[in-house]
Structure formats: structure tokens, C-alpha cells
Amino acid sequence: MPRLSEVIAALENLWPAERAESWDAVGTVVGDPGQEVTRVLFAVDPVQEIVDEAVQLGADLLVTHHPLYLRGTTTVAATHFKGRVVHTLIKNDIALHVAHTNADTADPGVSDALAGALDLRVTGPLVPDPTDPHGRRGLGRVCELDHPLTVRELAARAAERLPATAQGIRVAGDPEAVVRTVAVSGGSGDSLFDQVRAAGVDAFLTADLRHHPASEAVATSPLALLDAAHWATEWPWCELAASQLDEISDRNGWDLRVHVSKTVTDPWTAHAASSTTL
């Protein structure tokens with residue numbers, strides 16, 4: 001069985017910490033480098049529900065997309081929910097490793113997984129990483145459909161292929177407009193409208209779209225917007241990352257057991273459709 005340090009080295013090779021944004025908090029949060037690793041769980045959020053799942057599973061390592069501590073802290077007391085997460089991990093000898101913006105821009109990365117879930121063909125990054133001589137890394141992806149769909153049909157495909165959430169898929173723009181090219185970005189994407197417009201795509205699928213940026217985007221162009229739940233747009237990466245670690249395990253003869261959590265940790269739990277008009 002590999003040591004944690006060996007598994008972390010393999011993960012760092014996939015998602016080097018130096019490629020994370022300066023504000024981000026990635027890497028190993030909890031764990032003894034010398035401990036053996038036999039079972040790994042991938043998830044989006046390092047919340048108590050996921051940590052409890054890791055305990056039940058008998059995992060030695062939990063890999064999440066979102067950081068536990070994005071900003072500094074002065075305490076890990078179990079009186080706070082993040083402190084309880086740390087206590088549970090340590091008491092059960094479970095390591096925690098985070099790959100966030102360094103996984104967003106990786107090749108393949110979070111947006112590749114999102115595109116794959118929707119059967120979109122990736123043609124390149126939306127915001128290329130200037131340090132990548134091959135032009136494959138970067139934030140977001142520009143994609144083509146195998147055949148044209150209306151915005152309504154593309155939204156239905158997204159609703160069917162992405163994990164179910166209370167939000168579902170919101171649409172801005174003409175539902176009957178034809179879509180041939182799509183930009184996708186897992187997670188919050190409304191800071192990318194300039195790059196999306198420059199890419200000349202017909203639609204943009206992302207999460208966490210706010211009123212004013214979305215209103216301005218559809219007022220200034222025929223661009224259609226598809227707004228999914230943040231968690232749902234990033235969960236496909238867990239399956240991609242797990243398959244990458246499985247391949248590394250096979251190559252090294254580690255015989256790791258790699259799992260993906262199907263626990264929905266999207267914070268929104270219900271949706272009531274509007275039933276009245278003004």
C-alpha cells in the first residue's frame with residue numbers, strides 16, 4: 001500500500017499547487033505523510049456529512065474540490081463546524097487534500113468534466129493559461145455540439161445529465177434560439193462574460209449567475225445563459241479525478257479503492273415554482 005506522501009505527490013502532479021490562484025487554499029489540510037492509504041473518497045465539499053461518509057467507508061484520504069479553510073483561522077475547536085470536521089478527520093486517521101482552482105485550470109480539469117457530462121466537444125480553454133505551451137490549460141472551455149439544439153433542448157440535456165438539485169437549470173435568452181457552440185465553466189462564472197462574448201459562442205453554461213451581469217449580457221448580445229447549481233457543475237470532476245487516480249494506482253500497483261461521493265451537498269434543498277403573475 002502507498003504512503004499518503006506518495007499519493008499526494010501523484011495528486012500534486014495532476015494539480016500542482018503553484019497553479020492555484022493566489023487567494024486560494026489548496027493542498028493537504030490534514031494527514032500524516034507516513035500513513036498508509038488503501039481507500040480514497042472524492043467529493044465537492046469538505047462538510048461534516050461528507051467526512052462522516054468517509055468514516056463509514058473506511059477511507060484513509062478524502063479529496064475535495066472546495067477548501068475547508070479558504071481564509072486563515074485561529075482555532076480548530078470542535079465547537080465550530082469546521083473544527084468538528086478537523087477533529088473527526090484526525091480521530092479517524094483520514095487525510096484531507098484540496099484541489100480547487102488548480103483543478104479548474106488543469107488539463108483535463110473541472111470544465112472538461114462538465115463538458116463531458118453534456119457530450120460537448122471541447123475545442124479549447126475559454127481563458128487560456130499563458131504558461132501552457134500546448135494551449136490546453138486554462139479556465140472554462142469552449143465547446144461544440146455534435147448537432148444543433150435549441151436553448152430549451154440544451155437546458156433539458158443539462159438537467160438530465162447533471163446531478164439533480166433543487167435549482168435545476170435556469171435559462172436567460174430566447175429558449176428557441178439555436179445553439180451550435182457553448183462555453184462552459186464549472187462553478188461561479190459571471191466574471192467571464194467578456195471572454196465568453198469574445199469567444200463568439202451561442203450559449204454559456206455555468207453557475208451562480210447574478211441579476212445584473214446576466215441582464216447586461218442578454219441585453220448586449222444574443223448570448224443564451226444556462227445557470228446550474230454550483231455543486232452540480234463541479235461534481236462531474238469528482239468522477240474524472242477518481243478515474244485519474246485509479247489509472248495512477250493501476251500503473252503503480254497500489255490497488256487503491258477509489259470512490260466518488262454521491263451525497264448532494266448543494267445547500268439549496270427545495271424549489272417552489274412561481275404560480276402567480278403581476
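The first residue of the sequence shown is numbered 1, and numbering continues consecutively from there.
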Do the side chains of [Y] and [X] get nearer than 4.5 Å, heavy atoms only?
{"X": "V51", "Y": "L96", "answer": "no"}
{"X": "P2", "Y": "N252", "answer": "no"}
{"X": "Y69", "Y": "V85", "answer": "no"}
{"X": "H66", "Y": "H100", "answer": "yes"}

[X], [atom1] atom: more than 12 neighbouring heavy atoms under 6.0 Å:
{"X": "D146", "atom1": "CG", "result": "yes"}
{"X": "Q56", "atom1": "CD", "result": "no"}
{"X": "R257", "atom1": "CZ", "result": "no"}
{"X": "R197", "atom1": "CZ", "result": "yes"}

N/O donor-acceptor pair under 3.5 Å between [X] side chain and [Y] backbone:
{"X": "D266", "Y": "T165", "value": "no"}
{"X": "E176", "Y": "T150", "value": "no"}
{"X": "R39", "Y": "D60", "value": "no"}
{"X": "N102", "Y": "R19", "value": "no"}
{"X": "T181", "Y": "D202", "value": "yes"}
{"X": "S111", "Y": "G186", "value": "yes"}
{"X": "Q35", "Y": "D93", "value": "yes"}
{"X": "T220", "Y": "E216", "value": "yes"}
{"X": "D129", "Y": "R137", "value": "no"}
{"X": "S249", "Y": "L245", "value": "no"}

Exercise. Given V260 and W235, is the side-chain contact (heavy atoms from CB on, under 4.5 Å) satisfied, shown in steps?
Worked result: CA-CA 9 Å; V260 174; W235 184 85; 3.7 Å; yes

Problem set entry | Lys/Arg N to Asp/Glu carboxylate O, E247 vs R251, below 4.0 Å | yes

For this session: May I ask you to decide whether R141 forms a salt bridge with D112, counting only side-chain N to carboxylate O separations under 4.0 Å?
Result: yes

Exercise. Should D119 and R161 be marked as a side-chain contact (heavy atoms from CB on, under 4.5 Å) after you check the CA-CA gap, both sets of side-chain angles, and the distance that decides it?
Worked result: CA-CA 9 Å; D119 281 340; R161 304 287 180 84; 2.9 Å; yes

Just verifying a value: how many Å separate [X] [atom1] and [Y] [atom2], rounded to the nearest 0.5 Å?
{"X": "L256", "Y": "L61", "atom1": "CG", "atom2": "CG", "result": "9.0 Å"}
{"X": "I90", "Y": "D32", "atom1": "CD1", "atom2": "CG", "result": "11.0 Å"}
{"X": "Q244", "Y": "F42", "atom1": "CD", "atom2": "CZ", "result": "8.0 Å"}

For this session: List the steps and the verdict of side-chain contact (heavy atoms from CB on, under 4.5 Å) for R152 and V171.
Result: CA-CA 8 Å; R152 190 187 304 278; V171 172; over 6 Å; no

Exercise. Between the side chains of E49 and T263, does any donor sit under 3.5 Å from an acceptor?
Worked result: no

For this session: Would you kindly say whether T101 and D24 are connected by a side-chain donor-acceptor distance under 3.5 Å?
Result: yes

Exercise. Does anything in residues 242-278 pair up under ring pair (Phe, Tyr, Trp, His ring centres under 6.0 Å), and if so which pairs, sequence neighbours excluded?
Worked result: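 Listed by first then second residue: nothing to list.
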
Exercise. Is the H65 ring parallel, tilted or perpendicular to the W237 ring (thresholds 30°, 60°)?
Worked result: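 Judged by the thresholds at 30° and 60°, the geometry between H65 and W237 is tilted.
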
Exercise. Can you name the one residue among T206, T233, D208 that meets side chain to side chain donor-acceptor pair (under 3.5 Å) with S188?
Worked result: D208

For this session: Please say which of L139, V196, V184 ends up in a side chain to side chain contact (heavy atoms under 4.5 Å, CB included) with L126.
Result: V196

